[in-house]
J.: 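Please read through the structure below; I'll follow up with questions.
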Amino acid sequence: MTYFDYNATSPLSPVARQAWLEAVDNSWQNPSSVYRESVRVRVLLEKSRERLGELLGCDPSRIIFTSGATEGVNAIFAGYGRKFAAGGRSVLLSPTEHPCVTEAAKRFFAGRRGWLRIDSAGQVDLEAFWGMLEQEKCLIVSTMAANNETGLLQPWGEIQDACSQQGVLYHCDASQWIGKLPADGIGQCDFVTASAHKFGGPKGVGILIVPADIYDFHSFVGGPQERGIRAGTEDYPGIAAMVAAFEEAERLSKAEATGRASLREQFEGRVNEQAPGVRIVADGSPRLWNTTLLIMPRFENTRWVRKLDRLGFAVSTGSACSAGNEAPSYVLAAMGFLPEESKRAIRISSSWNTTAEDWLGLADAIAAAWQEMTADNEETSTHRCD
Ligand code: PLP
């Protein structure tokens, strides 16, 4: 099976696996205990935090280890939604955010949730954004760095600058950016969330970056771990594996992201020739090199996914958390696509290990599936006429 669903999750990379095995065998002690072996693990844990600070471009003291992006986002909105409920201050989101953002904002900010204007590719309209920041009683803005369904990149640096100028906090959901593109100082955003399993690290480990001067803010309460912000024994082996995966992906993203985009473009060109009428979502806008969301000219996406599965390729109907859910993609709806168009959308997402042959093999499989489904359909309609 050739896997093309890396935006859903990735396998543990060999370097991460090595780091995890090494730590789980030799550095499994509780970093909060006081004997020397535990102090050694505490030192390793803090070295991991320092290395992440270097990679992300932020002071290591701002990094909190979590179980993943969903936990970090919930902590941010729970903390700020409740604290500022009385002042009626709102959260502004782009309508293409991941459900962990939209649902957490709905729960903790209730009616104080506003929407940013986006263009037809899903990118935040910066001019309208400035206007909203000036008018609204806004406390926090939240956008993704890169969209999980379309790969569209948001101008997170400009959004952070605008927020800082207006005294508004900015949360950047970097779940799909980290590990695919150079981190490029993304740690300078006020809040950042990410999950290790999206870039070759283990599941159940993640990063939350908080402002340096934060107080009275907790993801979990309990013990004093993570400066009391996230109580619970730290998973040092998981953290060591996440840092190893991040280091490798950062090196690759600096050296190879451009070349990888050209593989994806060759694939898109080939699919266009073989299944004329296919649309590439957000084509012409800045996108992740590994992602392409195709609106197929005919047939529902679930049929495409099953057919391609039988031909040896794992692709997705959209985001992993909406796959199997028959409702059309809210991301595409926000971008102006009709429900019947979004029901024909298939998401393809690759990794650093995906080769040119893998991409071309998938293009050929799409052509074969197209022919088979067209033939099946013609046969069915002939039978119906009988
Ligand atoms: N944000 C984005 C953009 C994502 O793609 C995902 C996962 O699909 C998440 C947040 C949530 O990540 P997790 O399920 O690891 O908490």
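Order of appearance sets the numbers: ligands from 1, and atoms from 1 within every ligand. Just so it is clear, the values below take in all heavy atoms, side chains as well, and ignore hydrogens, waters and symmetry mates.
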J.: Evaluating non-hydrogen atoms only, which member of D173, V205, N148 is closest to atom 2 (C) of ligand 1?
T.: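 Answer by nearest heavy atom: D173.
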
J.: So is H197 close enough to ligand 1, meaning a heavy atom under 4.0 angstrom away?
T.: yes

J.: Can a non-hydrogen atom of K203 be found less than 4.0 Å from any atom of ligand 1?
T.: no

J.: Can a salt bridge be assigned to the pair E340 and R344 using a cut-off of 4.0 Å between side-chain N and carboxylate O?
T.: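 So E340 does not pair with R344 through a salt bridge.
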
J.: Taking atom types as modelled and ignoring hydrogens, do the side chains of D358 and T355 form a donor-acceptor contact shorter than 3.5 angstrom?
T.: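 Per modelled atom types, D358 and T355 side chains form a pair under 3.5 Å.
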
J.: What orientation do F217 and F191 show, parallel under 30°, tilted 30 to 60°, or perpendicular over 60°?
T.: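 Rings of F217 and F191: tilted, 30 to 60°.
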
J.: In the structure I gave you, are the side-chain heavy atoms of V192 and I207 within less than 4.5 Å of one another anywhere?
T.: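 In short, these two side chains do not touch, never coming nearer than 4.5 Å.
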
J.: Which one of S67, A196, S195 has a non-hydrogen atom at the shortest distance from atom 13 (P) of ligand 1?
T.: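 Going through S67, A196, S195 one by one, S195 has the nearest heavy atom to atom 13 (P) of ligand 1.
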
J.: Check T70 against ligand 1 and report side chain, backbone, both or neither, counting heavy atoms closer than 4.0 Å.
T.: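 Both backbone and side chain of T70 come within 4.0 Å of ligand 1.
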
J.: Can you name the atoms of ligand 1, numbered from 1 with element, that are less than 4.0 Å from a heavy atom of M144?
T.: 3 (C)

J.: Establish, yes or no, whether the cationic atom of K137 lies under 6.0 Å from the six-membered ring centre of F109 and within 45° of the ring axis.
T.: no

J.: So is Q176 polar-close to ligand 1, meaning N/O to N/O under 3.5 Å?
T.: yes

J.: How would you list all residue pairs meeting ring pair (Phe, Tyr, Trp, His ring centres under 6.0 Å) that involve residues 125-168, not counting sequence neighbours?
T.: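 Listed once each, the pairs are W156-W177.
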
J.: Give the atom numbers and elements of ligand 1 that come within less than 4.0 Å of a heavy atom of C100.
T.: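 The atoms of ligand 1 under 4.0 Å from a heavy atom of C100 are 10 (C).
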
